[in-house]
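Quick caveat: nothing in here was measured; it's all calculated off a predicted structure. In what follows, every heavy atom counts, from backbone to side chain, and hydrogens, waters and symmetry copies are set aside.
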Amino acid sequence: MLSASGGLGASTFAALLAQSLHGLHDDRDCVLVDADLSGGGLDVLLGMESELGVMLNAVTAPLGEVDGEALRRRLTAWDGIDVLSSRPWISPMPQDWEIAVAVCALAERYDMVIVDAGRAGYSSGQAIPLPLKGVAVILLVELSVLGTVRAQACIEALTGRGNRSTARPRSALASGYAAGTIAEDDIVLVGVVPSAARTSNRGVLGEDEAAEYLGIDMVCSIHPDARLCGAILEGSGLLKPNRANSKALRAVASWLDARGWGSARPAGMQRW
């Protein structure tokens with residue numbers, strides 16, 4: 001889960017998506033990982049900050065390995081979903097490759113791993129905070145002119161394509177992917193209607209318009225939810241999303257099912 005702009009609710013959407021997937025597939029184990037290196041505090045968002053469990057801050061990968069089963073036993077649960085939260089303000093975070101190894105270790109123990117990776121970068125080396133390959137990338141895009149311009153920069157950095165209007169030969173695409181970039185087929189866009197749209201739709205782009213500009217499918221859009229937002233601001237945890245946003249979550253879940261999820265592994269690492 002990545003956000004092309006700040007303040008779009010990536011952590012909230014990641015948690016609600018995990019909840020939705022768990023509800024649709026109650027026979028599958030799910031874990032939610034808070035890898036927003038500049039944000040964190042997912043446990044506070046979920047209203048479970050008093051629960052005792054290991055934080056991502058404490059995860060280390062001696063010799064490039066993490067014991068996934070041992071890590072799983074130390075996690076706390078929210079609504080049937082295990083959570084690995086983080087608090088970057090209390091202690092240093094692990095290096096990005098250590099987080100990637102931890103995510104891959106969890107992927108061996110869980111059927112579904114949802115990673116809140118925070119805001120995407122605009123350069124090829126910083127587009128995705130974690131050096132992972134073979135994963136599905138959900139990119140939140142504000143449905144505004146500025147939001148789509150930012151999203152375009154993120155997509156170009158993720159895919160390694162500086163000129164989206166020019167087709168590249170397969171050999172170039174293969175070498176780019178081997179360098180750690182993401183294939184466009186692995187990216188899905190979710191539009192975010194600006195909060196100002198509660199009073200006026202002026203300046204709000206449509207899903208089709210944004211998708212055409214960005215050249216990648218947008219499966220749904222999420223709308224401001226005053227009740228949910230109020231609960232978050234009060235620190236009382238997440239409430240059930242409204243009907244429109246529940247439909248959006250199901251659309252993303254369907255895309256993931258159709259894609260077949262993925263097989264996460266650290267980029268450039270043969271063993272870990």
Residues 228-249, side-chain donor-acceptor partners within the protein, below 3.5 Å, at least two apart:
from, atom 1, to, atom 2, distance (Å)
Ser236, OG, Ala231, O, 3.1
Asn242, OD1, Ala244, N, 3.4
Asn242, OD1, Asn245, N, 2.9
Asn242, OD1, Asn245, ND2, 3.4
Asn242, ND2, Asp225, OD2, 3.4
Asn245, OD1, His223, N, 2.9
Asn245, ND2, His223, O, 3.0
Ser246, OG, Pro241, O, 3.4
Ser246, OG, Asn242, O, 3.0

* Quick one: pull up CG in Asp111 and NE2 in His22 and give me the separation to the nearest 0.5 Å. => 11.0 Å
* Structure fact -> Of all heavy-atom pairs linking Asp82 and Tyr110, the shortest is OD2-OH, 2.5 Å
* If you take all heavy atoms of Gly68 and Leu106, which pair is closest and at what distance? -> O-CD2, 4.3 Å
* Sub-4.5 Å side-chain heavy-atom contact between Val192 and Val141 -> no
* Mind checking whether Val115 and Leu32 have side chains closer than 4.5 Å, heavy atoms only? -> no
* To do: Give a yes or no answer on whether the side chain of Asn57 reaches the backbone of Ser91 with a donor-acceptor pair at less than 3.5 Å.
  => yes
Identify each donor-acceptor pair in which a side-chain atom of residues 3-17 lies under 3.5 Å from a protein atom, sequence neighbours left out, and give them as a table.
from, atom 1, to, atom 2, distance (Å)
Ser3, OG, Ser5, N, 3.4
Ser3, OG, Ser5, O, 2.3
Ser11, OG, Asp116, OD2, 2.4

Give the table of side-chain donor-acceptor pairs shorter than 3.5 Å for residues 40-56, with sequence neighbours excluded, one pair per line with atom names and distance.
from, atom 1, to, atom 2, distance (Å)
Asp43, OD1, Ser85, OG, 3.0
Asp43, OD2, Arg87, NE, 3.1
Asp43, OD2, Arg87, NH2, 2.5

* Closest non-hydrogen atom pair between Thr148 and Ala210, with its separation -> CG2-CB, 3.9 Å
* Return the set of residues passing side-chain hydrogen bond (donor to acceptor under 3.5 Å, both in side chains) with Glu98 (not counting sequence neighbours), or none when no residue passes. => none
* Of all heavy-atom pairs between Val103 and Val113, which one has the smallest distance, and what is that distance? -> CG1-CG1, 4.2 Å
* To do: Show your reasoning for whether side-chain contact (heavy atoms from CB on, under 4.5 Å) applies to Val252 and Cys220.
  => CA-CA 7 Å; Val252 176; Cys220 63; 3.7 Å; yes
* Asked: Do any N or O atoms from the side chain of Ser86 and from the backbone of Asp34 form a donor-acceptor pair under 3.5 angstrom?
  -> yes
Only distances under 3.5 Å count here; give the side-chain donor-acceptor pairs of residues 69-77 to other protein atoms, sequence neighbours excluded, each with its distance to 0.1 Å.
from, atom 1, to, atom 2, distance (Å)
Arg72, NH1, Arg109, O, 2.6
Arg72, NH2, Asp29, OD2, 2.9

* To do: Enter the distance from Leu214:CG to Gln152:CD here, rounded to the nearest 0.5 Å.
  => 6.5 Å
* So do the side chains of Met112 and Ile81 get within less than 4.5 Å of each other, counting heavy atoms only? -> no
* To do: Over all heavy atoms of both residues, which pair between Leu143 and Gly206 is shortest? Give the atoms and the distance, please.
  => CD2-O, 4.3 Å
* **Val219 vs Leu189, side-chain contact (heavy atoms from CB on, under 4.5 Å): CA-CA, chis, key distance, verdict** => CA-CA 6 Å; Val219 296; Leu189 306 181; over 6 Å; no
* Check step by step if side-chain contact (heavy atoms from CB on, under 4.5 Å) holds for Ile138 and Val190. => CA-CA 7 Å; Ile138 301 167; Val190 173; 3.8 Å; yes
* Is any side-chain heavy atom of Pro88 less than 4.5 Å from a side-chain heavy atom of Leu37? -> no
* Asked: After noting the C-alpha distance and the side-chain angles of Ile222 and Val193, does the key distance pass the side-chain contact (heavy atoms from CB on, under 4.5 Å) rule?
  -> CA-CA 6 Å; Ile222 54 178; Val193 177; over 6 Å; no
* Asked: Looking at side-chain heavy atoms only, is the closest gap between Leu2 and Leu140 below 4.5 Å?
  -> no
* Side-chain heavy atoms of Ser38 within contact of Arg119, under 4.5 Å -> no
* Asked: Are the side chains of Glu212 and Met218 in touch, meaning some heavy atoms are under 4.5 Å apart?
  -> no
* side-chain hydrogen bond (donor to acceptor under 3.5 Å, both in side chains) involving Asp79 - partner list, sequence neighbours excluded -> Gln19
* Is Asp217 atom CG crowded by more than 12 heavy atoms from other residues, nucleotides or ligands, each under 6.0 Å away? -> no
* Heavy-atom side-chain contact between Val33 and Val83 under 4.5 Å -> no
* What is the distance from atom CG of Leu158 to atom CG of Leu139, rounded to the nearest 0.5 Å? -> 7.0 Å
